[in-house]
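In what follows, every chain begins at residue 1, and chains take the letters A, B, ... in the order their sequences are listed.
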Amino acid sequence: MSEKAANYDPAAIEPKWQSFWQEHKTFSSADPDPARTKLYVLDMFPYPSGAGLHVGHPEGYTATDIYCRFKRMRGFNVLHPMGWDAFGLPAEQYAIQTGTHPAITTRKNCDTFRRQIQSLGFSYDWDREVNTTDPDYYRWTQWIFVQLYNTWFDAERQRGRPIAELPIPPDVAARGPVAVREYRDSRRLAYYADAQVWWCRQCRIVCANEEVLNDGSHEKCGSKDVERRSLKQWLLRIPLYAERLLKGLDNLDWPEGIKEMQRNWIGRSTGAEVDFSLADGSGVLRVYTTRPDTLFGATYMVVAPEHPLVSRLADAEHRAAVVEYVRQASRKSDLDRTELAKDKTGVFTGSYAINPVNGQRVPIWVADYVLMGYGTGAIMAVPAHDTRDFEFAQQFGLPIICIMEPDSADADLKARVLAGEACWTEDGCYIRSANTETGLDFNGLNKQDGIARITAWLEGKGLGTATVNYKLRGWLFSRQRYWGEPFPVIHWEDGEISVLDEKELPLRLPALENYQPGEAGQSPLCNAGDWLNVVDPKTGRRGRRETNTMPQWAGSCWYYLRFIDPRNSDAPWNTAKEKYWMPVDLYVGGAEHAVLHLLYSRFWHKVLYDLGHVSTDEPFRKLFNQGMILAYAYEDPIGSKVPCDQVEERDGRFFQKETGVELRQIVAKMSKTLKNVVNPDDVVREYGADSLRLYEMFMGPLDAVKYWKTGGVEGLYRFLNRVWRMIVSKDGETSSVLPDAPVSREQERLLHATIKKVTDDIEGLAFNTAISQLMIFVNEFGRAEPRNRRAMETFVLLLSPLAPHLAEELWQRLGHPDSLAYESWPTYDPALLVADQVEIVVQVCGKVRARMSVPADATEAQLRDVALKNEQVAEAIAGKTIVKVIAVPGRLVNVVVR
RNA sequence: GCCCGGGUGGCGGAAUGGCAGACGCAACGGACUUAAAAUCCGUUUUCCCGGUUACGGGAAGUGCGGGUUCGACCCCCGCCCCGGGCACCA
C-alpha cells in the first residue's frame, strides 16, 4: 500500500476516484429494476462549442449530480445521462473557412467537453452518451419526422392519428388520386409550403420568427442584416396541438413563470368571427374580434395589406394609393411595422361595409397594424374601446363613439371616455347599444353579459360564430444548411413528394468539397450531385432529395427518449424500458429554453404519445431553471476590455495591474469579447473539482442570477481542508477518530440537526444552506479531539453528494473498502433534535428586554410565569398595566402593556 | 404598455408571521512563526449617550409610503428601482 498523504490533495484524490467510478461502472443505471423506484434526472445537454466549458455550464450539472448521488443512497434506481447537441452553425462556418469536415470539428469539441465534464466528477452513466450528429442517432430523428409526416390531427378527438385513417370526403375522392394526395398533404403535421421567412444575409440561413430578436438582429450571429424572403420550406402544424399544449401545463411541476411564458406564447384568445356585408353587395368581410359586444362602437374596418380582398375593395379613386401602400408594406419587415411608438399608417379603400347590429355604413381601410397571419386578417375597429384603434382613429380623424360607461372612480377620465377623447378597455355599463330594427338592446349590461348576449344573437342570425384563436404559428422546420439532419424526403419530377421507408434510414449526409451556401438560399447540399439525384428503381421516375436540413431543435426534441435505450438499433427505444423510465422526474437547465425547446419537445412527445410510441402525455414532470452565472468585466477609459487577471482591486476601485489605469467594472455574461470567461480547468487545477462544485452551489439559491468571484472558491477550499483535518491527522492516519470518543448531548443534537437539514435541503435543491449546515458541523466538531467515529462517518456520507471525491477518500481512510455511492443515507432521530433547555426571549411591547433559559417543553403558562418574574421584565413593565401576554413555546414571550 | 421575478451589512447570502444579518467572502486586530504562507482566536449594520480605555447603555434599521397584527424582511394596498419575457395577436 502506498504511503497515505497527510494533506488534502485534490489533484491526487480526484483523478483516483474518477477512474475508480469509471472502472467499476459505479453509476451505470440498472435497466428496468422492479425492485427499486426509478428516478430519471436530466440536464439540458450542451452544444459543444469550440471554446470549451465555462463555469456557468457546471452549475446545473452539479445540482443534478448532488441530487442523483443523494437519491442513489436513498435507494432509487437513478438514470442520469449526458450527451451532445452537436449539430449547429459554428462547426459549419469553420468548415467553410478551412474545409475541415464539421464532423471532425464536432468530435474534437465533444472530446474537450467530455474531458472537462468528467474532471468534475459527475456521476453520469457514460455508456449512455448520445450525439445528435451520429447517424445512429439522427436515423431516429428522421424516423420521427416520418411519423410527423404520416400523421394528421383529428380535431374532434383532439389527437394525432395515422394519415391512413384520414377520412377522405367523397367530393375529394371523386376528383381522383391527385386530389386525394393534395387533401392528405394538407392535413399532415409536416408539410412543404412557400413561406415568408426571415433570411440572415450574414449566415445565409433561414431563421424562425423567434430567432430574430426584438432589435431585428439574428440571435445566433448578432447581425442586423436580416430580411424577409419567400422560400419553399418544411413546416410543422404545431398550432393544431395548441389546446393540448396549453392544458398540459396545468399538471406540471414547473416554475409558474415558465408556464406563464408558454401560455402567453400559445396565446389563446376567445372571441367571435363576425361577417360584415360589403355595402356594394359584392360579398362579406369576415373579422375576428374578442369584443363582439362593442359592435355598436365600430366606426371603421381595417384589412391587412396582404388580405385577399384588398384589390377588390379599392375603388378607382383610391386604387393607386392602396396599391402603393400595399407595395410599401410588403417591403417592410414585421419589425418595421411594429416598431415602438411609431405612428400608425393606413389608407382608405373607398369601400364600405354594413354593421350588422345597426345597419350603418362603415369605411374600410387598409393598414399594416392588422396582421394577415392572425384571425381573419381583418378587424372591426372600435376606437373608443381599443387602444390601437383609438390611436389610428385619432391620427386619421375617424369617429370615436363611446358605447360603454367606464367602471371608474376617476370622474375626469370617465367624462373624457364618454366624449370620445379617451379609450376605455375595461369593464363598464353599455350605452348607445340598442337598435329598434334588429331588436338588440344590451344597454345597462356589463361586459361579460354583453359578450354572451351578442354572441348568441350573431349565431342565431348566422352572422357570426364564437371562435378561439391562438398566436402560436406554424413551426418553420427547415434550414438551408449542411450540418443538420437531412430530410428523408424525395421530390419527384411529377411533383409528388415521398418520404423514405424506415428501412432506408438513416439518410446520411454526403461528403462535400464546398460547404458554402448559395446566395439565393440554396443549401450546400445542392452541390452533392451523386447524393442529390435519385431514380426510382421500379418506375425509372427521376427525383431530387430535399436539400434543406432540419433545425438544431430537432435533435434536442427527443434526446431524453434515446437515453433510455441509446444503443438500440431496431427501434428508437424499447417500449418496456420507456414505460419504466418515463417521464423525466427532474429536468434542469437554463430559462433561455423556457419557450422554444420545451414547447417543441412537448409537441413531439404528444404526437409520439398519440401514435402509441410513448406512455406519457408529457415528457418532463418537474422542471427547474438554474440562474445564470454572470461575471465582472473591466474596461479602460477608451472602452477596450481588460482581461480579468490583469485587474487589481484597491478600496473598491479597479486598476489595470501594469499601467495602473483606473477601470470601469461592468457585469455581463461570460464571453470571449469581454475577456471575462472563467475556465473550470483553471479552477480545478488550483483548488480541485470538489471546491468548484461546492462554490457553485454555495454562491446562492440555484435559481438566482449570480456573479462569479474566483476568490469565493478559496473559502470552500479552506472548508474542505478543515474537513480533511477533522478526520485525517498529521501522520496521514485517522488516529484522532475513535469509536468510543465521547459525544456531548449538544454534539449529538448538532449531528442529528445536520442530518435533517442536509437531507431536507438537498431534497429541495437548496444546496447553499445544506453547505452552511455542514460548515457549522465542522466548526463545532473540528474543535475537540478525539472525535467520535460514528459522527465522522455520518458526516462523510452527508458531504458525499456535494464533494464526492473527498468523501470517498475519507470513507476509504476510515476503513471502508467499497465506494460509499450506495451506502444508506443517514437518518436522524427527531427526539434528539430537541435541546433540553432552550433560550427564549421576553419582549415587552415587541422589544426584547430579557433572555431566559427554560426547559424545551415548558408550556405557555409556565413561560408566562417565568417571564413575568424576570427582573429586567419587571423593571420594563413597572407602573404599567399588563394588557396581554403572548407565549410561544420554544420561541418567545411578548408582554403587552399600557 | 402588459406578464413574471427580485430589492436585506463592504460583498455573496440566511431567516417566509416570533431574537434580522446564520454560513461564507473581504477588511482589521491578535496568537503561532526568526519571517512569511498556512492555521487558530477575535472584531466589523447605522446613529446616539456615558466612559481615558476596556466597556456599558439606548434608539433606529430588510427600496419608499401606508395598513393588518401582541409581533411584519415575511401578509395586504399604493409607489420607486433593477432583471427577464412578450409586445399593434384585434
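- Anti is the classification of B/G24, since its glycosidic angle lies more than 90° from 0.
- Closest approach of A/Leu802 and A/Arg693 over heavy atoms only: O-NE, 3.0 Å.
- Between the P atom of B/A37 and the CG atom of A/Asn7 lies a distance of 18 Å, rounded to the nearest Å.
- Between A/Arg263 and B/C4, a side-chain N or O to OP1/OP2 separation shorter than 4.0 Å is absent.
- B/C75 and B/C19 have their P atoms separated by 16 Å, given to the nearest Å.
- Heavy-atom minimum distance, A/Ala298 versus A/Val362: O-CG1, 3.5 Å.
- B/C73 sits 9 Å from B/A20 when the P atoms are compared, rounded to a whole Å.
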Taking Watson-Crick and G-U wobble contacts under 3.5 angstrom, with | marking pairs to another strand and [ ] crossing pairs, the secondary structure of RNA chain B is written (((((((..(((.....[....)))((((((.......))))))((((((....))))))..(((((..]....))))))))))))....

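- The salt bridge (charged side-chain N to carboxylate O under 4.0 Å, His left out) analysis of residues 715-730 of chain A, with sequence neighbours excluded, yields no pairs.
- Residue A/Ser269 is in sugar-phosphate contact alone, with no base atom involved, counting any heavy-atom pair closer than 4.0 Å across all strands shown.
- The gap from the P atom of B/C3 to that of B/A87 amounts to 16 Å, rounded to the nearest Å.
- Nearer the 5' end of RNA chain B, as judged by each residue's closest nucleotide, is the contact made by A/Lys757, out of A/Lys757 and A/Met261.
- Aromatic ring orientation, A/Phe795 versus A/Phe777: parallel (interplanar angle below 30°, classes split at 30° and 60°).
- Rounded to whole Å, the separation between the P atoms of B/G21 and B/U43 comes to 14 Å.
- Nearest-nucleotide positions on RNA chain B place A/Gly257 closer to the 5' end than the other of A/Gly257 and A/Arg849.
- Screening residues 765-776 of chain A for side-chain hydrogen bond (donor to acceptor under 3.5 Å, both in side chains) gives A/Thr754-A/Gln773, A/Asp761-A/Thr769 as the qualifying pairs, with residues at least two apart or on separate chains.
- Surrounding CZ of A/Arg263 are more than 12 heavy atoms belonging to other residues, nucleotides or ligands, all under 6.0 Å away.
- B/C64 sits 15 Å from B/C81 when the P atoms are compared, rounded to a whole Å.
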Letter per nucleotide, 5' to 3', of nucleotides 18-26 of chain B [B base touched, S only sugar-phosphate touched, - untouched; heavy atoms, 4.0 Å]
BB--BBSSS

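- Summarising the geometry of A/Thr290 relative to A/Ile451, their closest heavy-atom pair is O-CD1, 4.1 Å, with the distance given to 0.1 Å.
- For B/A90, one of the phosphate oxygens OP1 or OP2 lies less than 4.0 angstrom from a side-chain nitrogen or oxygen of A/Tyr374.
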side-chain contact (heavy atoms from CB on, under 4.5 Å) between A/Val873 and A/Val893: does it pass, once the steps are laid out?
CA-CA 11 Å; A/Val873 176; A/Val893 178; over 6 Å; no

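- Atom C1' of nucleotide B/G83 and atom CE of A/Met628 are separated by 10 Å, given to the nearest angstrom.
- Side-chain proximity of A/Thr290 to B/C41, B/C40, B/A90: nearest is B/A90.
- Atom pair A/Asp703:CG and B/G84:C1' shows a separation of 13 Å (rounding to whole Å applied).
- The listed nucleotides are B/C3, B/G85, B/A90; the one nearest the side chain of A/Glu260 is B/C3.
- When the C1' atom is compared between B/G9 and B/C23, the two are found 15 Å apart, to the nearest whole Å.
- Checked against ring-ring contact (aromatic ring centres under 6.0 Å, His included), A/Tyr695 has the following partners two or more places apart in sequence or in another chain: A/Trp708.
- A gap of 15 Å separates the C1' atoms of B/A27 and B/U45, to the nearest Å.
- Taking atom C1' on both B/G56 and B/G67, the two are 38 Å apart, rounded to the nearest angstrom.
- Atom-to-atom, OH of A/Tyr470 to C1' of B/A90 comes out at 17 Å; the value is rounded to the nearest Å.
- One can place CZ of A/Phe719 at 18 Å from C1' of B/A38, the figure rounded to the nearest angstrom.
- With sequence neighbours left out, A/Tyr707 forms a ring-ring contact (aromatic ring centres under 6.0 Å, His included) with A/Tyr632.
- Between A/Arg783 and B/C40, a side-chain N or O to OP1/OP2 separation shorter than 4.0 Å is absent.
- Below 30°, between 30° and 60°, or above 60°: for A/Tyr288 and A/Tyr374 the angle between ring planes is above 60°, a perpendicular geometry.
- Using a 4.0 Å heavy-atom distance criterion, A/Pro255 is classed as making no nucleic acid contact.
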